[in-house]
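Sequence positions, counted from 1, serve as the residue numbers for this chain.
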Amino acid sequence: MDIKLDSITKIFQAKDKAETVAVKDLDIIIPSGKLVGLLGPSGCGKSTTLYMIAGLLNPNEGRIYFGDEDVTDMAPEDRGIGLVFQNYALYPHMTVRQNIMFPLENIKVPKGEALQRAQEMADLVGIGELMDRKPKQLSGGQQQRVAIARALVKKPRVLLLDEPLSNLDARLRLQTREEIKRIQRETGITTIFVTHDQEEAM
C-alpha cells in the first residue's frame with residue numbers, strides 16, 4: 001500500500017506565539033511494500049513527519065493518504081500502523097510474551113489466537129525462546145526486537161521506525177539493521193525508517 005503525503009506542513013506554536021515551521025509543503029510517495037529511510041540532522045522534521053503519518057500529530061495543511069484512503073483526520077488506532085520508538089517503551093513488569101500480546105488485548109483478540117500470533121512474531125524477529133523473560137533480562141538488541149514484534153503483531157498496514165537503533169552499540173546496530181531489512185522483506189509491509197546516520201540510511 002502506497003503512502004502519499006500531499007503538501008504537508010506542520011507548524012508548532014510556542015507559548016509566546018512564536019512559530020516554528022517543522023515541515024513545509026512536503027510531497028512524497030512511498031511505494032507499497034518498500035523500506036524507505038528519512039535521513040537528516042536533528043530538528044529537520046523527520047520524526048514530525050513520521051508522527052503525522054502515525055496520526056500522533058495533525059498537519060496544519062495538506063493531506064495524508066494510505067493507498068486511496070484519506071487518513072488525515074483518522075485516529076492513530078484506526079490507521080493500521082505499527083510504531084517503534086527510539087526508547088523501545090516496553091512494560092518492565094511484563095514478560096516478552098505479554099509485551100508482544102498487549103496490542104492484541106486492546107483490540108480483544110481471543111487469547112489462543114493472541115498467543116499464537118505473539119509466538120509467530122517473536123520467532124520472526126529471532127526471540128522466540130525468550131518469551132518468559134522480563135525486559136531487564138534482555139540486551140538492548142533483544143529489547144528492540146520485542147518492540148518490533150509488538151508493532152508487527154497487529155498486522156499493520158504500515159511500519160514506522162523512529163531512530164530505532166540509536167541506543168545500541170555499533171555491533172548491535174549493524175546486526176539489528178540487517179534484521180530489520182530481513183523482517184521487512186519477509187513481511188512485505190511498507191516501512192519508513194527515520195535516522196540521522198547516513199551509513200544506516202544507505
Side-chain angles (χ1 to χ4, degrees), residues 1-32 34-92 99 102-103 106-107 135 140 143-144 146-148 150-154 156-168 173 176-177 180 184 189-202:
M1 182 192 60
D2 292 351
I3 300 169
K4 181 183 178 185
L5 307 184
D6 186 4
S7 300
I8 291 294
T9 294
K10 181 62 183 177
I11 301 169
F12 292 103
Q13 194 168 50
K15 288 179 181 173
D16 63 1
K17 305 295 186 196
E19 292 186 343
T20 300
V21 179
V23 178
K24 185 176 181 182
D25 290 331
L26 179 60
D27 285 302
I28 188 171
I29 296 175
I30 294 155
S32 180
K34 295 293 184 184
L35 169 59
V36 172
L38 293 183
L39 171 68
S42 295
C44 75
K46 306 182 302 295
S47 292
T48 300
T49 300
L50 200 75
Y51 295 157
M52 286 192 285
I53 294 169
L56 300 176
L57 292 174
N58 296 318
N60 296 83
E61 297 172 17
R63 310 302 294 175
I64 300 169
Y65 298 90
F66 286 5
D68 295 327
E69 184 179 11
D70 186 341
V71 300
T72 313
D73 301 315
M74 191 179 285
E77 60 270 20
D78 297 327
R79 295 191 185 199
I81 56 116
L83 181 58
V84 178
F85 293 99
Q86 183 176 342
N87 65 357
Y88 320 142
L90 301 179
Y91 296 105
N99 265 285
F102 187 74
N106 282 346
I107 56 175
Q143 289 183 37
Q144 186 59 283
V146 175
I148 293 169
R150 185 178 60 188
L152 289 172
V153 80
K154 296 182 294 185
R157 300 192 286 175
V158 178
L159 180 62
L160 305 173
L161 305 167
D162 186 21
E163 303 254 9
L165 308 180
S166 55
N167 289 336
L168 304 179
R173 266 207 306 276
T176 309
R177 199 163 73 199
I180 287 171
Q184 193 278 330
I189 295 174
T190 307
T191 301
I192 304 171
F193 185 105
V194 162
T195 180
H196 62 269
D197 185 318
Q198 277 184 299
E199 187 182 340
E200 204 169 273
M202 294 305 290

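- Residues D197 and T195 have side chains that never bring a donor and an acceptor to within less than 3.5 angstrom of each other.
- Applying side-chain contact (heavy atoms from CB on, under 4.5 Å) to L83 and the options I53, V158, L50, L161 leaves one that passes, L50.
- With a 4.5 Å cut-off on side-chain heavy atoms, I8 and I28 do not count as touching.
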Original post:
Passes salt bridge (charged side-chain N to carboxylate O under 4.0 Å, His left out), K34 versus D2? Steps please.
Top reply: CA-CA 9 Å; K34 295 293 184 184; D2 292 351; over 6 Å; no
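- Proximity of R150 to L90: side-chain heavy atoms (C-beta onward) are separated by under 4.5 Å at one or more points.
- Residues K4 and D68 have side chains not in contact (no heavy-atom distance under 4.5 Å, counting atoms from C-beta outward).
- Side-chain contact check for V84 versus L160: every heavy-atom pair is 4.5 Å or farther apart.
- With hydrogens and angles disregarded, no donor-acceptor distance shorter than 3.5 Å links the side chain of T9 to the backbone of E61.
- Side chains of L165 and I180 form a contact here, defined as non-hydrogen atoms less than 4.5 Å apart.
- Judged as a salt bridge (charged side-chain N to carboxylate O under 4.0 Å, His left out), and not counting sequence neighbours, the contacts of R157 are E69.
- Remark: side-chain polar atoms of K154 are not paired, donor with acceptor, to backbone N or O of G80 under 3.5 angstrom.
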**OP:** Apply side-chain contact (heavy atoms from CB on, under 4.5 Å) to D27 and D6, showing your working.
**Re:** CA-CA 5 Å; D27 285 302; D6 186 4; 3.5 Å; yes
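- Separation of atoms CD (E199) and CG (L39) is listed at 12.0 Å; rounding is to 0.5 Å.
- Taking CZ from F66 and OG1 from T72, the interatomic distance works out to 9.5 Å, rounded to the nearest 0.5 Å.
- A side-chain donor-acceptor contact under 3.5 Å links R79 to the backbone of M74.
- Taken to the nearest 0.5 Å, the CD atom of E163 stands 7.5 Å off from the CD atom of E200.
- The distance from atom CG of L56 to atom OH of Y51, rounded to the nearest 0.5 Å, is 7.5 Å.
- In this structure, N99 and P135 have side chains that are in contact, with non-hydrogen atoms separated by less than 4.5 Å.
- From M52, atom CE reaches atom OG of S47 across 11.0 Å, with rounding to the nearest 0.5 Å.
- Expressed to the nearest 0.5 Å, how far CG of L5 lies from OG1 of T49 amounts to 7.0 Å.
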